[in-house]
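All remarks here apply to the structure that follows.
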Amino acid sequence: MAFSSESCRQSLVPSFLYYSSPCSKTPDLQKLLNKSPAISNGGGREGEGEGEGASKSFIVPSPSERRKIEMYSPAFYAACTAGGILSCGLTHMAVTPLDLVKCNMQIDPAKYKSISSGFGVLLKEQGFRGFFRGWVPTLLGYSAQGACKFGFYEFFKKYYSDIAGPEYAAKYKTLIYLAGSASAEVIADVALCPMEAVKVRVQTQPGFARGLSDGLPKFVRSEGASGLYKGLVPLWGRQIPYTMMKFASFETIVEMIYKYGIPTPKDQCSKPLQLGVSFAGGYVAGVLCAIVSHPADNLVSFLNNAKGATVGDAVKKLGLWGLFTRGLPLRIVMIGTLTGAQWGIYDAFKVFVGLPTTGGVAPIAAPAPEVAKVALS
């Protein structure tokens with residue numbers, strides 16, 4: 001127990017990153033065992049439980065007990081990665097019909113004039129099954145992206161906090177959120193890009209392919225393997241600002257909700273209430289994400305649909321106004337709902353495995369003398 005206390009005192013991870021502390025004190029079970037009769041294997045008498053015999057005592061754990069995951073351990077990052085797969089893969093697959101209409105509105109606005117007419121055109125030409133065209137590359141691509149996005153965000157958030165130290169990590173917390181999310185998204189988009197290229201081609205060119213199984217080989221034969229990454233730079237241009245806004249604004253919004261909107265401290269709030277806060281904060285953050293990243297989203301759709309097209313071609317055809325506004329209302333609805341659901345699923349999974357929900361506690365800067373003391377100890 002002394003070692004655990006000492007390691008907590010020397011930790012450089014700022015306390016605001018997560019509310020619950022891995023250093024919370026627990027009852028000393030061994031002391032309780034020493035005070036109880038020993039359970040001997042050889043028919044020992046009752047009362048012989050003190051001293052050496054007590055160390056052989058044991059407690060059979062309940063089958064329902066969940067093993068605690070140590071913060072920032074490999075198991076912790078694995079859990080965050082799994083939560084990211086569920087949150088991004090499932091939600092993006094669920095909104096495939098909206099994404100399908102949005103992509104076609106961006107590519108062919110003369111045919112897909114509005115949301116309602118866009119659904120009507122798809123239903124008439126492709127039937128009900130057409131609404132889910134491209135769902136397999138969507139599921140696989142965004143599952144891979146979610147794994148990297150959330151898993152590496154947790155890693156980089158701690159990494160940059162350790163570099164800054166408790167005082168500066170608390171003072172410049174928003175910069176840490178921005179840097180951590182940007183670093184994570186650079187990696188996540190490399191995982192997403194091939195599936196995104198196939199998805200857009202399948203969704204916007206009827207007759208190109210039925211889905212991933214025939215669409216991927218056909219795309220590679222047409223564009224080459226390097227063509228799968230043709231849209232990587234525009235994808236970075238869309239996703240990095242999107243993710244920076246998604247994580248930084250979410251952390252800030254959730255902190256403000258707990259600070260000004262809920263009179264009860266976060267640790268005293270029920271888990272359903274905390275998950276409701278996660279969804280609300282995620283929805284508002286998603287609306288901001290959609291606005292910030294929409295021009296690049298139009299570019300990605302245009303480049304992946306037209307063979308040999310360049311960014312200049314896209315700007316010339318769409319125009320600056322179209323670049324910022326075409327398909328935006330639908331994307332606001334889609335991304336707001338999507339982001340809210342992602343944070344809800346991600347935090348629900350963290351609660352399920354015994355981890356605290358994300359955000360919600362205002363940072364308290366460590367005084368300079370204390371920082372120096374920790375550094376010297």
Side-chain angles (χ1 to χ4, degrees), residues 88-146 189 191-223 227-232 234-235 238-239 242 290 293-309 313-314 317-318 322-323 326-335 337-338:
C88 289
L90 295 179
T91 51
H92 276 277
M93 183 183 68
V95 298
T96 296
L98 283 173
D99 188 40
L100 190 60
V101 173
K102 183 264 300 180
C103 287
N104 281 284
M105 287 176 66
Q106 292 171 330
I107 297 302
D108 192 357
K111 184 176 181 180
Y112 297 86
K113 295 181 174 64
S114 64
I115 298 173
S116 57
S117 67
F119 277 107
V121 170
L122 281 176
L123 183 62
K124 181 180 179 180
E125 294 187 352
Q126 302 181 32
F128 181 77
R129 293 181 61 183
F131 289 136
F132 291 92
R133 183 180 295 274
W135 72 270
V136 175
T138 297
L139 174 63
L140 296 180
Y142 283 95
S143 292
Q145 186 213 35
D189 288 344
L192 168 64
C193 195
M195 293 296 102
E196 180 75 359
V198 176
K199 175 189 79 75
V200 171
R201 188 66 61 89
V202 168
Q203 289 180 338
T204 58
Q205 290 188 9
F208 173 76
R210 294 186 304 274
L212 178 65
S213 59
D214 57 338
L216 179 59
K218 190 172 183 180
F219 190 103
V220 172
R221 286 195 300 269
S222 173
E223 304 275 349
L228 292 171
Y229 286 93
K230 181 177 68 174
L232 180 59
L235 191 62
R238 180 187 79 183
Q239 289 297 132
Y242 168 92
S293 62
H294 193 65
D297 184 63
N298 273 318
L299 287 177
V300 170
S301 296
F302 186 91
L303 292 176
N304 283 325
N305 180 69
K307 182 178 180 180
D313 296 332
K317 182 171 182 179
L318 298 175
L323 202 62
R326 181 176 293 178
L328 180 59
L330 177 57
R331 192 159 184 266
I332 286 177
V333 174
M334 185 182 81
I335 297 300
T337 306
L338 194 73

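Residue indices begin at 1 and follow the sequence shown.
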- [ ] Could you tell me which non-hydrogen atom of Cys103 sits nearest to which non-hydrogen atom of Lys199, and how far apart they are?
- [x] SG-NZ, 4.0 Å
TODO: Using modelled atom types only, decide if a donor and an acceptor are shared between the side chain of Asp214 and the backbone of Ala209 within a distance under 3.5 Å.
DONE: no
Open item on the list: Any heavy-atom pair between the side chains of Met334 and Asp99 that's under 4.5 Å?
Closed with: yes
Open item on the list: Please evaluate residues Gln145 and Gln239 with respect to the criterion side-chain contact (heavy atoms from CB on, under 4.5 Å), reporting the C-alpha separation (whole Å), side-chain torsions for both, the decisive distance (0.1 Å), and the verdict.
Closed with: CA-CA 10 Å; Gln145 186 213 35; Gln239 289 297 132; 3.0 Å; yes
Open item on the list: Counting C-beta onward and ignoring hydrogens, is there a side-chain heavy-atom pair between Tyr229 and Leu235 closer than 4.5 Å?
Closed with: no
Open item on the list: Just so I know, are the side chains of Leu100 and Phe119 near enough to count as touching, which here means a heavy-atom distance under 4.5 Å?
Closed with: no
- [ ] For Arg331 and His294, work out which heavy atoms get closest and say how close.
- [x] CD-ND1, 3.2 Å
Task: Beyond-backbone contact of Phe302 with Asp313, side-chain heavy atoms, under 4.5 angstrom - done: yes
Open item on the list: Applying side-chain contact (heavy atoms from CB on, under 4.5 Å) to Val95 and Thr337, what does each step give before you reach the verdict?
Closed with: CA-CA 9 Å; Val95 298; Thr337 306; 5.6 Å; no
Open item on the list: Testing the basics here: between Gly327 and Lys102, what is the closest heavy-atom pair and its distance to 0.1 Å?
Closed with: O-CG, 4.3 Å
- [ ] Please work out whether the ring planes of Phe219 and Phe208 are parallel, tilted or perpendicular, with thresholds of 30° and 60°.
- [x] perpendicular
TODO: Before giving the answer on side-chain contact (heavy atoms from CB on, under 4.5 Å), spell out for Tyr142 and Leu192 the whole-Å C-alpha distance, their side-chain angles and the decisive distance to 0.1 Å.
DONE: CA-CA 6 Å; Tyr142 283 95; Leu192 168 64; 3.9 Å; yes
Task: Pairing residues for Asp108 by the side-chain hydrogen bond (donor to acceptor under 3.5 Å, both in side chains) criterion, not counting sequence neighbours - done: none
Open item on the list: side-chain contact (heavy atoms from CB on, under 4.5 Å), that's the test. Do Lys111 and Glu125 meet it? Break it down for me.
Closed with: CA-CA 12 Å; Lys111 184 176 181 180; Glu125 294 187 352; 3.0 Å; yes
Task: Non-hydrogen atoms of Ser143 and Gly89 that approach each other most closely - done: OG-CA, 3.3 Å
Open item on the list: Can you confirm whether Leu228 sits close enough to Glu223 that some side-chain heavy atom of one is under 4.5 Å from a side-chain heavy atom of the other?
Closed with: no
TODO: For the residue pair Tyr242 and Asp297, establish whether any side-chain heavy-atom pair is separated by less than 4.5 Å.
DONE: no
Open item on the list: For a quick test of reading the model, state the closest non-hydrogen atom pair linking Leu212 to Leu140 and the distance between them.
Closed with: CD2-CD1, 3.5 Å
